[in-house]
Every structure is written in C-alpha cells, then in structure tokens.
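Notes follow once the structure below has been shown.
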Number of protein chains: 2
Amino acid sequence: MSPAARRPASPTASVKDVAAAAGVSLGTVSNVLNRPDRVAAGTRERVERAMNELGFVRNESARSLRSGRSRTLAYVMLDAGNPFFTDVARGSEGPADDGDLSLFLCNSDNRAGREAAHLEHLEQQRVQGILITPVDPDSPTLDAVVERGTPLVIVDRTRTDDRICSVAVDDVLGGRLAVEHLIDQGHTRVAFVGGPTSIGQVADRLEGARRAWADAELPEDDLTLVHTDSLTVAAGREAGERIAGLASTRRPTAAFCANDLIALGLLQQATRAGLAVPDQLAIVGYDDIEFAAAAAVPLTSVRQPRHELGRTAALLVLDESSNPQHVHQQLTFEPELVARTSTLG
Amino acid sequence: MSPAARRPASPTASVKDVAAAAGVSLGTVSNVLNRPDRVAAGTRERVERAMNELGFVRNESARSLRSGRSRTLAYVMLDAGNPFFTDVARGSEGPADDGDLSLFLCNSDNRAGREAAHLEHLEQQRVQGILITPVDPDSPTLDAVVERGTPLVIVDRTRTDDRICSVAVDDVLGGRLAVEHLIDQGHTRVAFVGGPTSIGQVADRLEGARRAWADAELPEDDLTLVHTDSLTVAAGREAGERIAGLASTRRPTAAFCANDLIALGLLQQATRAGLAVPDQLAIVGYDDIEFAAAAAVPLTSVRQPRHELGRTAALLVLDESSNPQHVHQQLTFEPELVARTSTLG
DNA sequence: GTGCTCGATTAAAACGTTTCAAAGGAGCGA
DNA sequence: TCGCTCCTTTGAAACGTTTTAATCGAGCAC
C-alpha cells in the first residue's frame with residue numbers, strides 16, 4: 001500500500017456528492033437527513049446507501065453557519081486536576097445529552113489569559129452556552145461575553161450583581177457546619193487552614209467558621225487562622241509543619257481546612273510528625289472529593305452538591321439560550337457535613 | 001431596563017456590517033483580519049474601530065467551512081475523574097497552544113456509546129485531530145474515523161496493528177520494575193492486585209510482574225493474583241479486606257497494585273484492619289498520581305511520563321494533519337519507579 | 001377530458017467568511 | 001503628457017448546508 005493510498009480517496013463527500021451518486025437533487029438528500037418522513041421510501045433507501053458508500057459525514061460548520069447556532073455546550077474549568085470540577089462537569093452531561101448537545105471541557109488552569117483565550121474561541125464557535133468557574137467572577141470579560149449574546153452561567157462562584165446567572169453553594173453555611181461539628185466534639189482550640197482570603201470561597205468559609213465560634217461564645221483568640229498561599233496539597237503539608245511545630249499547650253486540637261487538598265496535605269504531615277488523627281488533631285476538609293473518603297484516615301468533609309451544581313448550571317444556560325423570557329438567576333445550594341473518622345476517633 | 005433590552009442589540013455583527021460601518025468593502029475587512037500589513041494604516045484603524053463599536057466576533061463556522069479545517073484539537077478521555085488522564089491532557093496543551101489551536105476535552109466515562117457519540121460529533125466538526133484513550137483500542141470505529149480522514153492518535157493504549165498512531169508506556173517493564181523493587185526489599189510472598197485482566201494494561205503489568213518473579217527464581221505460587229472487578233478505590237478496599245483476612249503465615253508481605261486508585265483503597269483498608277504499612281504489608285501503586293504522594297503513608301508507585309505522553313500524542317496528530325508524508329507510528333515510553341514510604345519503612 | 005389536490009422532488013437563495021483576479025489611483029521617470 | 005509600477009481596494013466566487021417557494025406528476029372527482 002503506497003503512503004498516498006492511506007489518505008482518504010475523497011477529502012470528504014458532501015451532500016452534493018451524495019445527491020449525484022443517488023441520482024437525486026441536493027434538497028432531497030437534505031430532506032433525508034432532516035425530515036425523512038417526507039421522502040419516499042425507495043428514494044430514502046437509495047440516498048442512505050450512497051451516504052454509506054461515500055462515507056458521508058455531515059459538516060457541522062456549514063450546518064451551524066446556516067442555522068446560526070451550534071450543537072455545543074462548554075464548561076471552562078478552573079482546574080482540571082481537581083476532582084471537584086470534573087464532578088461538576090459530570091453533572092452537566094445529563095442536560096447536555098437531553099438537548100442532544102455535546103459538552104466540551106476547557107481547562108483555564110487558574111490563568112486569566114488561558115481563560116480569556118478559551119472564551120474567545122468559544123464565542124467564535126457560537127456555542128449554545130458557556131458554563132464557567134472563572135478566575136475572577138467579577139471580571140468584565142464575562143459581562144462582555146453575555147452582552148455579545150452568548151449565554152453564560154457562573155458555576156461555584158457568586159456575582160455581586162445580577163447581570164449574569166450563577167449557581168453556587170452557601171460557603172458561609174458550610175464553614176458554620178464544619179466548626180459547629182468541631183465544637184460539638186468538644187474542641188475549644190481550632191485552626192482555620194486556608195488562603196488566600198482574596199478568594200471569595202475562602203473568605204466565606206472563614207466567615208462561617210467565625211460566626212459559629214461567636215455563637216458558641218468561645219474566646220475569639222482560640223479560633224486561629226493558619227494562612228496558606230494556595231489551595232493545594234503542598235500548601236496543606238506546609239501548614240501541617242507549622243501546626244505540628246507548636247507547643248502542645250498552644251496547638252489547636254482541630255483544624256478546619258478550606259478544601260480537601262489542603263486537608264489531605266495536613267493529614268499527611270500530621271501523620272509524619274507523629275500527631276495522631278483525630279486524637280491529637282481532628283481534621284475537617286471541604287468539598288468531599290472521592291479522595292477524602294479514601295484517605296488512610298477517612299476525612300470528615302463538607303460536601304457540596306457538585307453534581308446538582310453542574311446539572312442546574314446546564315439547565316440554566318439552556319434556558320437562557322432558548323427562552324426569550326429568560327431572567328438571570330443567582331441560585332444557592334446548601335452544603336452538608338459528612339462526618340468520618342478524622343473527627344470521630 | 002426591559003427584558004428585551006437584555007438581549008444584544010444586533011444578534012451578531014458580520015464582516016459585511018463592519019464593512020458598511022467603516023465605509024469599505026468586505027474584502028478589506030477580511031484583509032484587516034488576515035493580512036493587516038496589506039491595508040493602509042488609516043483604513044485599518046477605521047475598520048478596527050468599527051469592529052469594536054459593533055462588538056464584532058469572527059464566525060468560526062464560516063471560517064472553517066471556507067478553509068475546510070477547524071482550529072480545534074480534542075482529547076476523548078476514558079475517565080475525567082482519574083487525575084492520570086487530566087495530566088495527560090495538560091501535556092497536550094503545549095503543542096496545541098503552539099499551533100494556535102484550542103484543546104477540547106471530552107469524557108467517554110468508559111462507555112463505548114458515549115465515546116462513539118463524541119467521535120461522531122468531532123468528525124462533524126472537522127476537528128484537526130483527535131487524541132483518544134479508547135474503551136477498546138481495537139474497535140473498528142477508530143479505523144473508520146481515520147479512513148474518513150480525521151487524524152487520530154491512541155493514547156496510553158497500544159494497537160495490535162499499525163494502521164493508527166499510538167503513544168503508550170511499556171507496562172510490562174513497569175510491572176517488572178515494581179516487582180523487582182519488592183524483591184530487592186526482601187519480599188518473597190507478593191500479591192498482584194488488579195483486574196479485569198481483559199484490560200491490556202492490567203495483563204501487561206501482571207506479565208511484567210511474573211517475569212521479574214521468574215527471573216529471580218522464586219516459587220511461582222508465591223506470586224498470587226488478587227483479582228478486582230475494576231480499577232477503583234472501592235475495588236482496592238474490597239481486595240484489602242480479602243488480604244487482611246488471610247492467616248498471617250499465608251498473607252503476602254507486599255502488594256503490587258494495577259493502579260494507584262486500587263493502591264489507595266488497599267492502603268486505607270489495611271490501615272483500618274490494623275496492618276502496618278509497610279512493615280506488615282508493603283504497597284506499590286501504578287501511575288504515580290498526585291494523591292499517591294499525598295497519602296498518609298506516601299505510596300511507592302510506577303510513574304508514567306504522562307505529560308510527555310500527552311505532548312507526543314498532540315505532536316503526532318498535528319503531524320498527521322499537516323504532513324502529507326506522515327507515517328503512522330506506535331511509540332512506547334519507559335516508566336520509572338518512584339520509591340516512597342509504603343515500601344521503604 | 002378537465003381541473004384539483006396532494007405528495008414528492010427540485011431549484012435557488014442564504015448563512016459569513018476567505019481568496020483571487022482585477023481594477024483603481026498615486027507617484028514617477030522619460 | 002504618457003506609460004509604467006506599485007500599493008490599496010474591490011467584486012465575485014466558493015465552501016456545505018438548510019429552507020422556502022415552486023414545479024412536477026399521479027390520482028381522482030366531476
């Protein structure tokens with residue numbers, strides 16, 4: 001077989017080629033594709049045979065150029081490496097499938113530049129809608145996309161205004177649940193581990209923690225803040241070092257981490273330093289990713305309804321794209337505490 | 001503001017609209033877009049102003065209809081929840097960016113049906129190339145895609161023939177490395193934990209393990225097979241139960257797991273059952289995902305060059321799409337053992 | 001046989017872009 | 001002033017599909 005023979009005989013057969021092969025007009029081929037009931041059975045069969053023989057593949061570009069809209073939904077993820085976001089993506093697949101749309105995932109990797117590039121490309125593709133967990137939910141870039149006409153829903157972040165749909169989880173409540181649980185377990189010296197607090201999520205979770213603490217009328221100074229630079233396993237390990245280094249009389253007996261990655265890092269470092277979990281240090285994470293339950297000491301964590309988050313966001317973006325009466329909504333879900341060994345002993 | 005006012009004034013401005021607004025012909029607008037150097041500075045400026053005022057967004061459908069190719073690469077992942085695959089995807093981003101292409105991720109979720117649906121949609125979109133970790137690398141569906149003209153590279157799976165490009169890692173060698181390491185550590189009763197062996201990867205890793213065992217002239221029966229139904233954390237836990245239940249005289253002193261998810265499940269269950277890792281049970285995983293290093297007892301694991309895997313696959317698919325002389329290649333990389341506490345004590 | 005209706009098929013236009021040959025016009029040397 | 005070149009701009013065609021109005025032919029009632 002010569003190398004040339006490897007290439008397809010015809011670059012790609014078009015509707016016109018199929019029409020010629022089947023001896024009908026091009027309009028008829030289109031009818032077979034779109035309203036098969038209006039085509040006589042014999043003709044239809046002949047056309048279908050021609051399609052198979054030629055290896056006809058519908059050209060989606062031409063299709064959506066003509067129709068003005070594509071059959072695609074996209075989710076721009078903040079971090080493809082964090083299982084939380086892939087779970088959200090999974091939740092969006094249902095509504096996408098129902099609407100016969102493909103769901104494409106893009107990874108912004110926490111970089112505004114990449115995010116902007118993806119958004120631009122998606123707008124150019126005229127996707128039906130965009131779901132996005134943005135680097136900055138208040139960025140005007142997002143407003144611009146909406147103004148130019150592409151439906152867009154913010155996922156897992158909230159906007160301070162109501163010009164864009166968003167779907168999020170009540171992080172203040174989540175923080176409260178975590179700390180109330182620790183208080184119930186008898187802890188009176190607790191650390192909040194996380195940062196930077198410029199991230200809305202982190203600030204909210206801390207706020208919730210503080211409110212729970214205040215409500216229990218515990219001394220303000222006994223809820224300490226162990227700051228991290230990022231929400232990663234490495235940052236958790238590093239925080240663990242600092243905590244383990246404290247004199248046991250000053251050391252908190254429990255840590256509430258801003259997410260599970262930090263909690264896992266903290267758990268690892270605590271174990272390494274010889275601190276028993278939960279006896280000497282109880283740990284609560286956030287997100288309840290699969291690996292939280294899979295840790296050697298299963299992690300107590302605040303679960304977000306991430307599947308529901310993705311599903312609702314997809315439904316919202318579909319409504320925005322198809323319903324002229326659409327009104328932007330900001331939805332909030334409630335998190336739930338899942339207690340496991342890392343706080344129960 | 002009336003609800004109607006929320007909708008964009010003009011659905012979307014086209015090149016023609018821009019031309020009219022700037023008082024030039026439509027060809028000139030196109031020149032501004034594609035060969036700005038051939039347009040007089042004043043004209044260019046006027047056109048660019050018009051574009052901004054109208055919120056002009058290039059229509060990618062029309063563009064790729066005209067040019068016959070799109071600016072998109074896609075990676076169809078087997079399981080978006082497994083960090084291994086998202087890491088591979090990250091590796092592909094470099095070449096994609098260099099070629100000024102967007103990389104879209106699709107999740108087949110291990111289901112042939114979803115995979116086929118994604119492939120069909122991608123063909124219709126006339127993507128430049130497809131990277132795929134397929135449910136079944138020998139499925140004729142893949143050949144059909146290639147024959148119809150879309151460049152396609154199989155990632156992390158090998159084909160038995162050479163009609164398609166593939167990029168994989170030598171799993172037999174990986175299995176050998178893992179077991180040689182355990183033998184070096186003095187283990188003489190080892191379990192291979194994984195399954196189903198119908199998956200090529202699993203069979204290869206087991207084969208490598210057996211060869212290392214044979215080369216060391218250890219009794220065949222002392223390398224046991226603990227079968228699992230899938231490569232998940234849950235399956236690992238379940239296998240852990242079975243191993244922990246064995247009498248200590250018959251129990252293997254080390255386990256080589258077919259992937260890290262199983263290893264993490266096994267580690268968790270062993271800990272729960274009071275088996276000390278690595279003293280009573282050493283554990284080796286496979287893939288070296290981030291969570292392997294982050295476990296309470298950091299896992300020894302066989303690292304695959306997953307970033308390199310993704311990068312090479314992307315380069316290969318780009319070559320196939322742009323180089324008429326392209327010859328299909330099946331590349332194999334070498335894995336590497338990363339020794340950590342779970343085998344070193 | 002004429003005139004209708006109805007189902008099947010067709011021809012032509014349109015979507016928004018890129019490209020290419022050709023036209024327009026300015027500047028310049030002779 | 002003529003003729004030439006060179007730079008800029010233009011007009012028209014093409015990509016593959018969908019859609020709409022129009023055409024065709026057969027069957028049927030009168």
Side-chain angles (χ1 to χ4, degrees), chain A residues 10-48 50-51 54-72 120-121 123-127 148-150, chain B residues 10-48 50-51 54-72 120-121 123-127 148-150:
Chain A
S10 50
T12 331
S14 77
V15 166
K16 204 193 292 181
D17 301 324
V18 173
V24 299
S25 85
L26 136 185
T28 298
V29 177
S30 177
N31 280 335
V32 170
L33 252 14
N34 302 300
R35 290 87 117 218
D37 46 304
R38 291 196 200 162
V39 177
T43 315
R44 185 168 58 227
E45 222 168 84
R46 204 150 25 99
V47 170
E48 278 165 352
M51 285 183 176
L54 296 174
F56 170 74
V57 176
R58 251 163 136 147
N59 185 322
E60 175 67 22
S61 297
R63 226 146 117 65
S64 53
L65 169 58
R66 172 65 219 224
S67 73
R69 57 177 31 201
S70 80
R71 271 156 271 303
T72 305
E120 187 182 345
H121 207 116
E123 279 192 274
Q124 293 186 353
Q125 301 239 50
R126 302 287 191 275
V127 294
R148 279 190 295 260
T150 303
Chain B
S10 52
T12 331
S14 76
V15 166
K16 204 193 293 180
D17 301 325
V18 173
V24 299
S25 86
L26 136 186
T28 297
V29 177
S30 176
N31 281 335
V32 170
L33 252 14
N34 302 300
R35 289 89 115 213
D37 47 302
R38 293 199 199 159
V39 177
T43 315
R44 186 169 58 227
E45 221 169 85
R46 202 148 29 97
V47 170
E48 279 165 352
M51 285 184 177
L54 295 174
F56 171 75
V57 176
R58 249 162 139 150
N59 185 323
E60 175 66 22
S61 297
R63 224 146 117 67
S64 54
L65 169 58
R66 172 64 219 225
S67 72
R69 55 178 33 204
S70 78
R71 279 155 213 53
T72 305
E120 188 183 343
H121 208 114
E123 278 192 273
Q124 294 185 353
Q125 300 240 50
R126 301 287 190 276
V127 294
R148 280 190 295 261
T150 303

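Atom set for the values below is all heavy atoms of this structure, side chains included, hydrogens, waters and symmetry mates excluded. Protein chains get the first letters and strands the later ones, always in sequence-line order, with residue 1 at the start of each.
In this structure, A/T28 OG1 and A/L33 CG are separated by 11.5 Å, a value rounded to the nearest 0.5 Å. Here A/R71 contributes atom CZ and B/Q125 contributes atom CD; the two are 9.5 Å apart, rounded to the nearest 0.5 Å. The distance from the OG atom of B/S67 to the CD atom of B/E60 is 7.5 Å, given to the nearest 0.5 Å. The CZ atom of A/R63 sits 6.5 Å away from the CG atom of A/N34 when rounded to the nearest 0.5 Å. Taken from CG in B/N59 to OG in A/S64, the straight-line distance is 7.5 Å, to the nearest 0.5 Å. Note that CZ of B/R58 is 8.0 Å distant from CE of B/M51, once rounded to the nearest 0.5 Å.
Whole-Å rounding puts the B/L65 CG to D/dA14 P distance at 14 Å. In this structure, the CG atom of A/L33 is 8 Å from the P atom of D/dT17, given to the nearest Å.
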Which atom pairs link the protein and nucleotides 6-10 of chain D when you take only N or O atoms and keep those under 3.5 Å?
unit_1: D/dT9; atom_1: OP1; unit_2: B/T43; atom_2: OG1; d: 2.4
unit_1: D/dT9; atom_1: OP2; unit_2: B/A40; atom_2: N; d: 3.1
unit_1: D/dT10; atom_1: OP2; unit_2: B/S25; atom_2: N; d: 2.8
unit_1: D/dT10; atom_1: OP2; unit_2: B/S25; atom_2: OG; d: 3.2
unit_1: D/dT10; atom_1: OP2; unit_2: B/T28; atom_2: OG1; d: 2.7

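Within the 4.0 angstrom heavy-atom criterion, base atoms lie near A/R35. At the heavy-atom level, B/R63 lies under 4.0 Å from the strands shown only through sugar-phosphate atoms. The residue B/S67 sits apart from the nucleic acid: no heavy atom pair falls under 4.0 Å.
What you find for A/V15 and A/F56 is that their closest heavy atoms are N-CE1, 3.6 Å. Among all heavy-atom pairs drawn from B/A62 and A/L65, the shortest one is CB-CD1, 3.9 Å. B/R148 and A/G55 get closest at one heavy-atom pair: CD-O, 3.6 Å.
Between the side chain of B/S70 and the main chain of B/R126, a donor-acceptor pair closer than 3.5 Å is present. Of the possible polar contacts, none joining the B/R44 side chain to the B/V32 backbone as a donor-acceptor pair under 3.5 Å is found.
Contact annotation: A/R58 does not reach the phosphate of D/dT17 (side-chain N/O to OP1 or OP2, under 4.0 Å).
Recorded end-axis angle for the helix from C/dG1-D/dC30 to C/dA30-D/dT1 stands at 70°, based on five pairs per end and rounded to 10 degrees.
Read 5' to 3', the first and last nucleotides of DNA chain C with an atom closer than 4.0 Å to a heavy atom of chain B are C/dG16 to C/dT19.
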